[in-house]
2 protein chains.
Amino acid sequence: MTDAQDRSSNTVANACERCSVRHRAMCAAVDFDHLGALEQIVSHRQFAPGQSIFDESEPADYVYNVSNGDVRLYKLLADGRRQITGFLRPGDFLGLVKQDTYAYGAEAIDAVELCCMRIVDLERLLREMPAVRDRLLDMSRDELAAAQEQMLLLGRKSAREKVLSFLLLRARHDLDLDEAESAALDLPMSRSDIADYLGLTIETVSRTFTSLKEEGLIDLPSAQHVVLPNIEAVEAAASAD
Amino acid sequence: MTDAQDRSSNTVANACERCSVRHRAMCAAVDFDHLGALEQIVSHRQFAPGQSIFDESEPADYVYNVSNGDVRLYKLLADGRRQITGFLRPGDFLGLVKQDTYAYGAEAIDAVELCCMRIVDLERLLREMPAVRDRLLDMSRDELAAAQEQMLLLGRKSAREKVLSFLLLRARHDLDLDEAESAALDLPMSRSDIADYLGLTIETVSRTFTSLKEEGLIDLPSAQHVVLPNIEAVEAAASAD
DNA sequence: CGAGCTGTTGACATTGCTCAAATTTCGTGG
DNA sequence: CCACGAAATTTGAGCAATGTCAACAGCTCG
């Protein structure tokens, strides 16, 4: 809501070459020699917490990569009910288009920095560098697999299983290698975001956190900090497929 | 379960040139001159109603296009709960892979004929014909948008809205142009399939059909035949976004 | 004609939602 | 640094939508 940080289209010095998330992003498929060409067509934008990046059905000109911060993607019903379809983190891609309009809305959860590219420039890039197209196809395949996993969660899991699966998903992302026995998570999104992601109400999410804490499956030093002292026990309770 | 029709790998005479769903499938991006090359790497397989096409997590060698019939894609939890992630019809693509294994299971709903291609052959084709890669990227984008729409349905719609949205989805596909005022639908899948697609129980699906019929929103000449006498009224009730 | 599915209907149980209030957290200004 | 107000979170009580269990009906295939 405060737009103190809304310095749209302000080009940031941070070159692609030094980009810390390049290896996780679409740009991983651009070889070192062509990073200059990439740099010429990207710009950076910053968003304050809560600020809208784009709305569903808005005409789509740009695609984005998250450089910093957390983003929520969502779809709305006419009466305001909201479904969050994904949380994005640095390195993730957004800007899926359906006939020149965005297929979902996107908002900054915390302070967000995006790397932006005009869709027309992206298309030229794709023509020149087929490897980037492969990379995009791989990324959308992963996204699709994640979406199907989420359908399983939304359609068939209990509130308790939903919350546990969500925590495990965050834990696995943070750990990357799942060798650790325990994990400490930071949840930048609100209970309301979590509820709309899991198809629950905020009250049910809150109650579920409380009862998991009482059971000793998790610890809650604060509302946004969750500790999983025993990941295996959480996995067993989450009805992992 | 009867595998009378399981004549795997039996090559069918029906050439790509005469394929009735080519324009809707991945193959639409193959130009006429290269259809011969396509034909050399595809084969056909037939499946009886209920027969498994592949299981989730099975090693993936082939990708498929549906030539005929209806297919269900699903994911399972350890205790047997099932989420159907999509119903496929002629022209649709299946065989999404995640690290060389299928990301979901697939079964024939009725008599199904598939057009099959080894993944290694597909990859060669992609190298030779970049347009096919574009086509695949477009198709997975559409699939992703559909998956997000389904998340909205699963997470945020009531049983009644879910059933109505499902009927509208089928109606829109059948009509293609949404100019008609009414529609007659054929539902090849069972109530159990519909329930597992919508995140409901068969009883709730059945009760919802009955009450929609009592309200006059739909007509049910038989369990698999649904008539929507007034599509606009259905849209209004479905909480269309 | 009877067995076995699939679908429908009924009675009841339960999960998760709604509404409401208490509590905690956090930013702002004095 | 502390006080205040707004917002987010938690907790409580009651309820409604949907699930569970059971019986019944209708259809299909031997």
Side-chain angles (χ1 to χ4, degrees), chain A residues 1-5 48-50 72 77 79-83 109-111 153-166 186-214 218-226 239, chain B residues 1-2 4 48-50 72 77 79-83 109-111 153-164 166 186-214 218-226 237 239:
Chain A
M1 305 317 169
T2 133
D3 44 10
Q5 297 207 288
R72 57 177 173 251
L77 291 174
D79 61 4
R81 279 174 290 173
R82 180 179 69 156
Q83 178 66 37
I109 292 176
D110 45 20
L153 177 147
L154 289 169
R156 286 295 176 234
K157 291 189 184 176
S158 68
R160 184 188 149 93
E161 290 167 338
K162 285 176 174 180
V163 170
L164 289 169
S165 297
F166 169 68
D186 181 51
L187 303 179
M189 70 291 290
S190 68
R191 292 288 184 268
S192 167
D193 288 342
I194 297 174
D196 285 351
Y197 181 60
L198 299 177
L200 299 171
T201 59
I202 52 178
E203 293 94 333
T204 299
V205 171
S206 180
R207 275 188 255 271
T208 306
F209 272 119
T210 305
S211 81
L212 291 175
K213 178 173 151 185
E214 280 164 2
I218 67 171
D219 197 18
L220 274 176
S222 84
Q224 5 290 354
H225 284 113
V226 183
S239 188
Chain B
M1 304 314 169
T2 134
R72 57 178 173 250
L77 291 174
D79 61 5
R81 278 174 289 173
R82 180 179 70 156
Q83 178 65 39
I109 291 176
D110 45 21
L153 177 148
L154 290 169
R156 286 295 175 235
K157 291 188 184 177
S158 68
R160 185 188 147 93
E161 290 167 337
K162 285 177 176 181
V163 170
L164 289 169
F166 169 67
D186 181 51
L187 302 180
M189 70 291 289
S190 67
R191 291 290 184 266
S192 166
D193 287 343
I194 298 174
D196 285 350
Y197 181 60
L198 299 177
L200 300 171
T201 59
I202 52 179
E203 292 93 333
T204 298
V205 171
S206 181
R207 273 188 257 271
T208 306
F209 271 118
T210 304
S211 80
L212 292 174
K213 178 172 152 187
E214 280 165 2
I218 67 171
D219 197 19
L220 274 175
S222 83
Q224 339 338 76
H225 285 113
V226 183
S239 187

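Protein chains get the first letters and strands the later ones, always in sequence-line order, with residue 1 at the start of each.
Across all non-hydrogen atoms, the minimal contact from B/Asp110 to B/Pro188 is OD2-CB, 3.7 Å. When all heavy atoms of A/Ser158 and B/Arg81 are compared, the closest pair comes out as N-NH1, 4.2 Å. Nearest heavy-atom pair across A/Pro49 and A/Ala111 is CG-N, 3.9 Å.
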Which pairs of donor and acceptor atoms, one on a side chain in residues 195-207 of chain B, lie under 3.5 Å apart (sequence neighbours left out)?
unit_1   : atom_1 : unit_2   : atom_2 : d
B/Asp196 : OD1    : A/Arg156 : NH2    : 2.7
B/Asp196 : OD2    : B/Arg82  : NE     : 2.6
B/Asp196 : OD2    : B/Arg82  : NH2    : 3.0
B/Thr201 : OG1    : B/Thr204 : N      : 3.3
B/Thr201 : OG1    : B/Thr204 : OG1    : 3.1

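Side-chain contact between A/Phe166 and A/Leu187 is present, with heavy atoms from C-beta onward closer than 4.5 Å. Residues A/Lys213 and A/Thr210 are not in side-chain contact: their nearest non-hydrogen atoms beyond the backbone lie 4.5 Å or more apart. Counting only heavy atoms from C-beta outward, the side chains of B/Gln83 and B/Leu154 approach each other to under 4.5 Å. At a threshold of 4.5 Å between non-hydrogen side-chain atoms, the residues B/Val226 and B/Asp219 do not count as touching.
For A/Lys213 and C/dT24, the NZ to P distance is 11 Å, given to the nearest whole Å. In this structure, A/Arg207 places its CZ atom 16 Å from P of C/dT23, rounding to the nearest Å. Rounded to whole angstrom, the span from the CG atom of A/Leu220 across to the C1' atom of C/dT23 amounts to 16 Å. A straight line from CG of A/Leu154 to C1' of C/dG16 spans 15 Å, rounded to a whole angstrom. Rounded to an integer number of Å, the gap from B/Leu212 CG to C/dT9 P is 12 Å.
A/Asp186 meets the side-chain hydrogen bond (donor to acceptor under 3.5 Å, both in side chains) test with A/His225; sequence neighbours excluded. A search for side-chain hydrogen bond (donor to acceptor under 3.5 Å, both in side chains) contacts involving B/Lys157 returns B/Ser165, not counting sequence neighbours.
Residue B/Arg156 is the one, among B/Arg156 and A/Gln224, whose nearest nucleotide of DNA chain C lies closer to the 5' end (criterion: closest heavy atom).
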So which protein nitrogen or oxygen atoms get under 3.5 Å of nucleotides 13-15 of chain C's nitrogens or oxygens?
none

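Read 5' to 3', the first and last nucleotides of DNA chain D with an atom closer than 4.0 Å to a heavy atom of chain A are D/dT9 to D/dA13.
Annotation: proximity of residues 193-204 of chain A to DNA chain D (heavy atom, distance under 4.0 Å) is found for A/Glu203, numbered in ascending order.
Here B/Ser206 does not reach the OP1 or OP2 of C/dT9: none of its side-chain N or O atoms lies under 4.0 Å away.
The distance from atom NZ of B/Lys162 to atom CD1 of B/Ile194, rounded to the nearest 0.5 Å, is 13.5 Å.
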